[in-house]
Each structure stands twice: as C-alpha cells, then as structure tokens.
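What's counted below: heavy atoms across the whole structure, side chains too, no hydrogens, waters or symmetry copies.
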Amino acid sequence: SCTQETRLPSSHQLVEAKSVQNLFGSKDVPKDFIKLKSEKLSVDEVSELVISPYCGAVSLFIGTTRNNFEGKKVVHLEYEAYTSMAETEIKKICRDVRQKWPSVKHIAVHHRLGLVPITEASVIIAVSSPHRAESLEATRYCINTLKASVPIWKKEIYEDEYSWKENKECFWANSEK
C-alpha cells in the first residue's frame with residue numbers, strides 16, 4: 001500500500017476550498033463577464049470565470065487570427081470598437097441568452113482590441129450550464145450575434161496592403177443595400 005502523502009500546491013488548495021465553499025455555503029449567482037482589452041486573451045482565465053459546482057458543462061468558442069484570406073497572406077489583424085456601445089450590445093446578448101436558455105449559469109465574452117498576431121485569440125466566449133446542449137447552443141448564439149450586432153471592426157493587414165472587413169452578418173451593413 002502507498003503511504004506517501006501527496007501535497008497540492010497552495011493555489012490548488014485555494015481553488016479546492018473555494019469550490020467546497022460554493023458547493024455547500026455560498027450562492028452561485030449567475031454572472032456575466034465582459035471585457036474588451038488590448039492585451040493577449042487567456043483561455044484559462046475566461047474558462048475559469050464560468051466554472052460552477054452547479055454545472056456539468058462549460059462550452060468555449062475561441063476565434064483566432066489565421067494566416068490567409070482569399071489567397072492573400074495575412075500578417076495580423078487589428079480591431080477597433082465603439083467600446084461603450086459594444087459593451088452594451090454584449091450585455092444585451094447575455095440577457096437574450098438567459099431568456100432563451102434559463103439554465104445557463106455564467107457567461108464570459110472577452111474580445112481583443114488593437115493588433116492581434118497570427119494564431120492568437122481575437123475573441124473567447126465561455127458559457128456554463130448544468131448540461132452541454134444549453135451551453136453549446138448559447139455559445140453559438142453568442143458568437144453569431146456578436147458578429148452581427150456589436151460595433152467591433154476588423155482590419156486585415158496583408159503583406160502589401162490592408163482591408164477593413166465588412167462583417168457580412170452585421171445588420172447595419174445589410175440594411176444599406
């Protein structure tokens with residue numbers, strides 16, 4: 001038999017203690033975590049925000065910068081936003097999610113602004129719910145609605161030119177045609 005004691009690093013003990021507290025003591029009130037920032041996005045940070053002892057599913061969408069578009073070599077992307085309006089629109093998306101999928105517990109939407117190099121995340125969306133169907137559907141709804149209604153603009157920088165990309169899903173772009 002094994003008698004050696006395994007000790008967890010102190011950070012694991014804190015996470016474990018927090019989880020036990022959430023499970024037995026404190027209420028796990030649904031929360032929305034919205035952030036627009038110029039620093040690199042962290043999948044771990046975003047997914048940890050939505051973890052809940054009441055939920056068996058966390059669904060993630062990670063949109064990354066690819067190195068090509070229609071045969072052109074993409075060097076990097078740049079994002080700009082009307083920040084206050086973007087945050088308001090993302091809050092509306094979160095409200096819509098909670099109406100459509102009442103069992104959803106936590107929602108996190110982090111979008112990067114400024115320069116985003118190849119392979120790095122531009123957007124990370126995480127949703128927790130008791131079961132996978134709701135979190136998967138809600139995550140898909142979040143990214144599709146974000147692209148259609150949130151005032152965030154993407155500029156693709158190629159080797160020898162650049163192009164502001166019109167989002168084909170964006171409602172205001174389609175209404176002018």
Side-chain angles (χ1 to χ4, degrees), residues 2 4-66 77 79 81 83-152 154 167 169:
C2 182
Q4 184 177 12
E5 181 181 2
T6 304
R7 292 192 148 275
L8 294 173
S10 60
S11 64
H12 289 326
Q13 291 170 345
L14 291 174
V15 169
E16 186 177 311
K18 181 181 172 192
S19 296
V20 170
Q21 180 184 12
N22 280 343
L23 188 57
F24 297 114
S26 67
K27 292 181 181 160
D28 195 16
V29 178
K31 294 183 191 83
D32 300 332
F33 303 92
I34 298 166
K35 188 178 282 188
L36 302 175
K37 65 182 208 169
S38 58
E39 298 84 20
K40 186 174 182 175
L41 301 179
S42 165
V43 174
D44 288 342
E45 175 189 338
V46 176
S47 62
E48 286 171 15
L49 289 171
V50 302
I51 290 174
S52 166
Y54 299 97
C55 295
V58 171
S59 297
L60 290 167
F61 173 80
I62 307 162
T64 60
T65 303
R66 65 178 173 264
L77 300 179
Y79 287 92
T83 306
S84 62
M85 187 176 174
E87 289 170 347
T88 298
E89 290 300 315
I90 295 169
K91 287 175 188 172
K92 287 181 189 173
I93 293 168
C94 293
R95 279 197 303 272
D96 290 348
V97 164
R98 295 189 185 289
Q99 286 183 333
K100 293 174 184 295
W101 298 279
S103 67
V104 163
K105 182 60 83 174
H106 303 306
I107 304 167
V109 179
H110 285 202
H111 203 297
R112 189 150 169 197
L113 300 176
L115 192 143
V116 183
I118 303 300
T119 72
E120 289 190 14
S122 300
V123 61
I124 303 174
I125 297 172
V127 177
S128 61
S129 64
H131 305 284
R132 71 179 175 270
E134 295 87 352
S135 66
L136 287 166
E137 292 166 13
T139 301
R140 177 187 289 266
Y141 177 85
C142 281
I143 187 59
N144 289 345
T145 309
L146 182 145
K147 289 180 70 69
S149 64
V150 177
I152 297 174
K154 175 172 75 173
N167 192 333
E169 298 147 338

Set of side chain to side chain donor-acceptor pair (under 3.5 Å) partners for Ser59, sequence neighbours left out: Ser135
Go through the steps for Ile51 and Val58 under the test side chain to side chain contact (heavy atoms under 4.5 Å, CB included), then give the verdict. CA-CA 7 Å; Ile51 290 174; Val58 171; 4.3 Å; yes
Give, for atom [atom1] of [X] and atom [atom2] of [Y], the distance between the pair rounded to the nearest 0.5 Å.
X      : Y      : atom1 : atom2 : answer
Ile93  : Asn144 : CD1   : CG    : 10.0 Å
Leu77  : Thr65  : CG    : OG1   : 4.0 Å
Ile125 : Ser47  : CD1   : OG    : 14.0 Å
Ser42  : Ile124 : OG    : CD1   : 6.5 Å
Ile62  : Leu41  : CD1   : CG    : 10.0 Å
Lys31  : Cys94  : NZ    : SG    : 13.5 Å

Within-4.5 Å side-chain heavy-atom neighbours: [X] and [Y]:
X      : Y      : answer
Arg112 : Lys40  : yes
Lys91  : Ile34  : yes
Phe33  : Val109 : no
Pro117 : Leu115 : yes

Going through the distances and angles, do Leu36 and Ile90 end up as a side chain to side chain contact (heavy atoms under 4.5 Å, CB included)? CA-CA 10 Å; Leu36 302 175; Ile90 295 169; 4.2 Å; yes
Under 3.5 Å, side chain of Thr145 to main-chain N/O of Cys142, donor-acceptor pair present?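 Side chain of Thr145 to backbone of Cys142: no pair is present.
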Under the side chain to side chain contact (heavy atoms under 4.5 Å, CB included) criterion, do Ile143 and Val123 qualify, and how do the steps go? CA-CA 9 Å; Ile143 187 59; Val123 61; 4.0 Å; yes
Going through the distances and angles, do Ile152 and His111 end up as a side chain to side chain contact (heavy atoms under 4.5 Å, CB included)? CA-CA 9 Å; Ile152 297 174; His111 203 297; 3.7 Å; yes
Side chain to side chain donor-acceptor pair (under 3.5 Å) partners of residues 97-110, not counting sequence neighbours, each pair once: Asp28-His106, Asp32-Arg98, Trp101-Glu137
Charged N to carboxylate O under 4.0 angstrom, Glu45 versus Lys35? yes
Residue pair Pro151 / Glu89: nearest heavy atoms and the distance that separates them: CD-CG, 4.1 Å
Shortest non-hydrogen separation from Ser129 to Cys55 and the atoms involved: O-CB, 3.2 Å
Hey, could you give me each pair passing ring-ring contact (aromatic ring centres under 6.0 Å, His included) that has a residue in residues 113-138? Not counting sequence neighbours. none
